[in-house]
Visitor: 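Have a look at this one before I ask anything.
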Amino acid sequence: MNAHPPAAGRGPAPAGRAPTVADVLALPVLAAGQPQVVTGLAQLERPVRWVHITELTDPASFLKGGELVLTTGMPLPEDAAGVRRYVEELTEVGAAALVIELVRRYHRPPDALVQACRARRLPLVTLARDVNFLEVTQVVHALILGSQAEAMRRTQRIHEAFTALTLRGAGPQDVLRAAAEMSGRTVVLENLVHQALICEPSGSTVEEALGDWERRSRTAGPGDRTEVAGPEGWLTAPVSYQGERWGRLVMLPADGPVFGPEHVTVLERTAMALTVARLIHSTPWEHAAHRNALRELAEQRHHSPEDVRARCAALGLPTDAGVFVAVLVDPGPGVEGAEAEARLHRELRSAGVPALVGELSPGRLGVLLALRQGRPWRPVAERLSRAALALAPGAVVGVGSDVADLADTARSFREAARVMEATPPGQPLPADRSFHELPDVDLRRLLYALREDTRIQDYTERRLGRIVEHDDRHGTDLLTTLGHYLDAAGNKTAAARRGGLSRETVYQRLRTVERLLGTDLESGAHRTELHVALTALRVLRAGPGGHPG
């Protein structure tokens, strides 16, 4: 017989959790009896829900499960069959452990008792010294009642926290974040096709939580009720309204204690809060999940490339695609973002193109195309742009360059954003396509993007301010003539023809310009400086809503 003393130095059970067999054995009132664990060492984490002192031959008839049974051994049957029946009845009713005092009848546990307890995986603990069982009962029951009271207080705090979230109209991301913080576990919301829409990690990375998500989720059962299921021991709860299931919540296990009643309470209150959130917030969960993933990619807010790949893969985006391309769409006034988003979703689905689509900012939609190796992205971008123009003729579409790695898509989004900044409303489309890209950004469009920069404004005023003031005071048109001259690359004859003037008139006006500006128009460098300033002035005069000409 190998007996083991209980773990020394074990602290009290955590607040709100029922004490375990190991917790009880570590109490001074029982430690004084020099307890030795004879069998069931691996089962000492069983919760103790009550203490039962018995000297009956059939104590199981008075038990409900979870009891720590204390006995002096006096009622144990003499025969081995009777001992086995005694142990079987205790295990069938769910007793937490059997503690026998080796003082009166026995000085060592009977072999039949040890064998029976070992066979039924029932913890058997011996006490070498006399112990006051009544005092044990009082101490343990006080501990259990205290933990129950703390559990009730914690449950009340959980209810209050989720009620507050519901009253302030919290979105699903906030609800899951609160659930992860309260439970200390990773919480995931998935849809009916096992795509992870929201993941709030706790104690793990997104990559660890969501890796190979769809396959793992399908092994966890249907999730029609709150239960611990699947080979990984997930705690799951359905999210539904009026009997129709919308999704499923998953709480992932962690190192340490198994799921307790508080975890179940957190998950079920999370499901209720999500139902309310879905009624309050009109954006479908899938769209919100796409939007959040796109923002993380575009703004590089993800913790690591591995995390962002896991999150996107769990949304159904092939992360090993050959090419990724960012597209930005401004539908223009009068078009609801949700309407445009739904239209683009449908267009991409019909084209068989995996993509994320979502609102990146008010009035701007983001799209991330994931195309297999060898499939050209321009026809897809063209189809997407035409769909946007069909919905809103004034829509503007900007496309970034293609990248090979999902983690590099921020660069494609940055390029698309620069294109949009440099594309004023009414900008003519290129002759061969219905979208704009970075090579389209010429000097005029670059200055349009920088029009609010005071350095551009100051440069323009210093270069051309005196001519503008001269024209205003004297009713002349020097600025127009200068523009014709610069647009003609310094050819005075061409400038005269453009302005419908004689060459002498052009010569005279240009000499006045040189005198006012103190510059030499024969200098190519000076003409370049003035051309940039004049282009900027045309952009500034066009205004924020006008085409710079």
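Here the structure is a predicted model, which means the values were calculated and not measured.
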Visitor: Among residues two or more places apart or on two chains, list those pairs meeting side-chain hydrogen bond (donor to acceptor under 3.5 Å, both in side chains) that have a residue in residues 320-331.
Guide: Asp330-Arg364

Visitor: I'd like to know if the side chain of Asp307 reaches the main chain of Glu207, judged simply by a donor and an acceptor atom lying under 3.5 Å from each other, with no hydrogens or angles considered.
Guide: yes

Visitor: Does Arg105 use its side chain to pair, donor to acceptor, with the backbone of Gly73 at less than 3.5 Å?
Guide: yes

Visitor: Show, in sequence, the C-alpha distance, side-chain angles and deciding distance for Arg177 and Glu181, and conclude whether the salt bridge (charged side-chain N to carboxylate O under 4.0 Å, His left out) test is met.
Guide: CA-CA 6 Å; Arg177 186 174 299 114; Glu181 290 174 355; 5.5 Å; no

Visitor: Set out, in order, the CA-CA distance, both residues' side-chain angles and the distance that settles side chain to side chain contact (heavy atoms under 4.5 Å, CB included) for Phe324 and Leu368, then state yes or no.
Guide: CA-CA 7 Å; Phe324 299 94; Leu368 179 64; 4.1 Å; yes

Visitor: Heavy atoms, side chains only, cut-off 4.5 Å: are Phe413 and Leu360 in contact?
Guide: yes

Visitor: Inspect the surroundings of CZ in Arg301 and state if more than 12 heavy atoms from other residues, nucleotides or ligands are less than 6.0 Å away.
Guide: yes

Visitor: When you measure from the side chain of Ser412 to the backbone N and O of Ser401, does any donor-acceptor pair fall under 3.5 Å?
Guide: yes

Visitor: Go through it in stages, so that I can follow the logic: the residues are Val21 and Val24, the test is side chain to side chain contact (heavy atoms under 4.5 Å, CB included), and I'd like the CA-CA distance, side-chain angles, deciding distance and then a yes or no.
Guide: CA-CA 5 Å; Val21 175; Val24 172; 5.9 Å; no

Visitor: For a salt bridge (charged side-chain N to carboxylate O under 4.0 Å, His left out) check, start with the C-alpha distance between Arg343 and Glu339, then their side-chain angles and the critical distance, and finish with the verdict.
Guide: CA-CA 6 Å; Arg343 174 64 181 271; Glu339 179 185 4; over 6 Å; no

Visitor: Can a donor-acceptor pair be found, under 3.5 Å and without considering hydrogens, that links the side chain of Thr39 to the backbone of Leu122?
Guide: yes

Visitor: Evaluate the side-chain proximity of Leu235 to Val264: yes if any heavy-atom separation is below 4.5 Å, no if none is.
Guide: yes

Visitor: Taking the side chain as every heavy atom from C-beta outward, state whether Met251 and Val228 have any atom pair closer than 4.5 Å.
Guide: no

Visitor: What do the steps show when you test Val325 against Val380 for side chain to side chain contact (heavy atoms under 4.5 Å, CB included), and what is the final call?
Guide: CA-CA 10 Å; Val325 180; Val380 178; over 6 Å; no

Visitor: Salt bridge (charged side-chain N to carboxylate O under 4.0 Å, His left out) with Arg216: which residues, sequence neighbours excluded?
Guide: Glu232

Visitor: For Leu356 versus Cys312, what's the shortest heavy-atom pair and its separation?
Guide: CD1-SG, 4.1 Å

Visitor: Can you tell me if Arg375 uses its side chain to pair, donor with acceptor, with the backbone of Val353 under 3.5 Å?
Guide: no

Visitor: Using a 3.5 Å distance criterion without hydrogens, assess whether the side chain of Ser183 forms a donor-acceptor pair with backbone atoms of Ala179.
Guide: yes

Visitor: Apply the side chain to side chain contact (heavy atoms under 4.5 Å, CB included) test between Leu249 and each candidate in Thr226, Val239, Thr236, Val266; give the one that qualifies.
Guide: Val239

Visitor: Is the CZ atom of Arg129 crowded by more than 12 outside heavy atoms at less than 6.0 Å?
Guide: no

Visitor: Return the minimal non-hydrogen interatomic distance between Ala196 and Leu210, and the atom names on each side.
Guide: CB-CD2, 3.8 Å

Visitor: Go through Glu306 and Thr205 one step at a time and tell me if the side-chain hydrogen bond (donor to acceptor under 3.5 Å, both in side chains) criterion holds.
Guide: CA-CA 9 Å; Glu306 293 74 22; Thr205 65; over 6 Å; no

Visitor: For the pair Gln43 (side chain) and Pro123 (backbone), establish whether a donor and an acceptor sit closer than 3.5 Å, ignoring hydrogens and angles.
Guide: no

Visitor: Is the number of heavy atoms from other residues, nucleotides or ligands within 6.0 Å of CZ (Arg121) greater than 12?
Guide: no

Visitor: How are the rings of His345 and His287 set to each other: parallel, tilted or perpendicular (split at 30° and 60°)?
Guide: parallel

Visitor: Taking all heavy atoms of Pro253 and all of Trp234, pick out the closest pair and write down the distance.
Guide: CD-CD1, 3.7 Å

Visitor: Give a yes or no on whether a salt bridge exists between Arg118 and Asp111, defined as a side-chain N under 4.0 angstrom from a carboxylate O.
Guide: no

Visitor: Between atom CZ of Arg248 and atom NE2 of His194, what is the distance when rounded to the nearest 0.5 Å?
Guide: 6.0 Å

Visitor: Shortest non-hydrogen contact from Gly66 to Ala96?
Guide: O-CB, 3.8 Å

Visitor: Would a distance-only check, ignoring hydrogens and angles, find a side-chain to backbone donor-acceptor pair under 3.5 Å from Glu190 to Val250?
Guide: no

Visitor: Between Leu406 and Leu297, which heavy-atom pair has the shortest distance, and what is it?
Guide: O-CD2, 3.8 Å

Visitor: If you apply the rule side chain to side chain contact (heavy atoms under 4.5 Å, CB included), what do you find for Phe133 with Val51, and how did you get there?
Guide: CA-CA 9 Å; Phe133 282 177; Val51 177; over 6 Å; no

Visitor: Would you say Thr275's side chain and Ala271's backbone share a donor-acceptor pair under 3.5 angstrom?
Guide: yes

Visitor: Short question: side chain of Glu67, backbone of Gly65 - any donor-acceptor pair under 3.5 Å?
Guide: yes

Visitor: Mind checking side chain to side chain contact (heavy atoms under 4.5 Å, CB included) for Ala289 and listing every partner two or more places apart, or none if nothing turns up?
Guide: Leu197, Leu315

Visitor: Where is the tightest heavy-atom contact between Ile198 and Pro172, given as atom of each residue plus distance?
Guide: CD1-CB, 3.6 Å

Visitor: To the nearest 0.5 Å, what is the distance between CD on Gln195 and NE2 on His290?
Guide: 6.5 Å

Visitor: Measuring from Leu41:CG to Leu124:CG, what's the distance to the nearest 0.5 Å?
Guide: 12.0 Å

Visitor: Hey, what do you get for CD (Gln300) to CZ (Arg411), rounding to the nearest 0.5 Å?
Guide: 11.0 Å

Visitor: What's the separation between atom CG in Leu113 and atom OH in Tyr86, rounded to the nearest 0.5 Å?
Guide: 8.0 Å

Visitor: Which value, rounded to the nearest 0.5 Å, describes the distance between Thr409 atom OG1 and Leu369 atom CG?
Guide: 11.5 Å

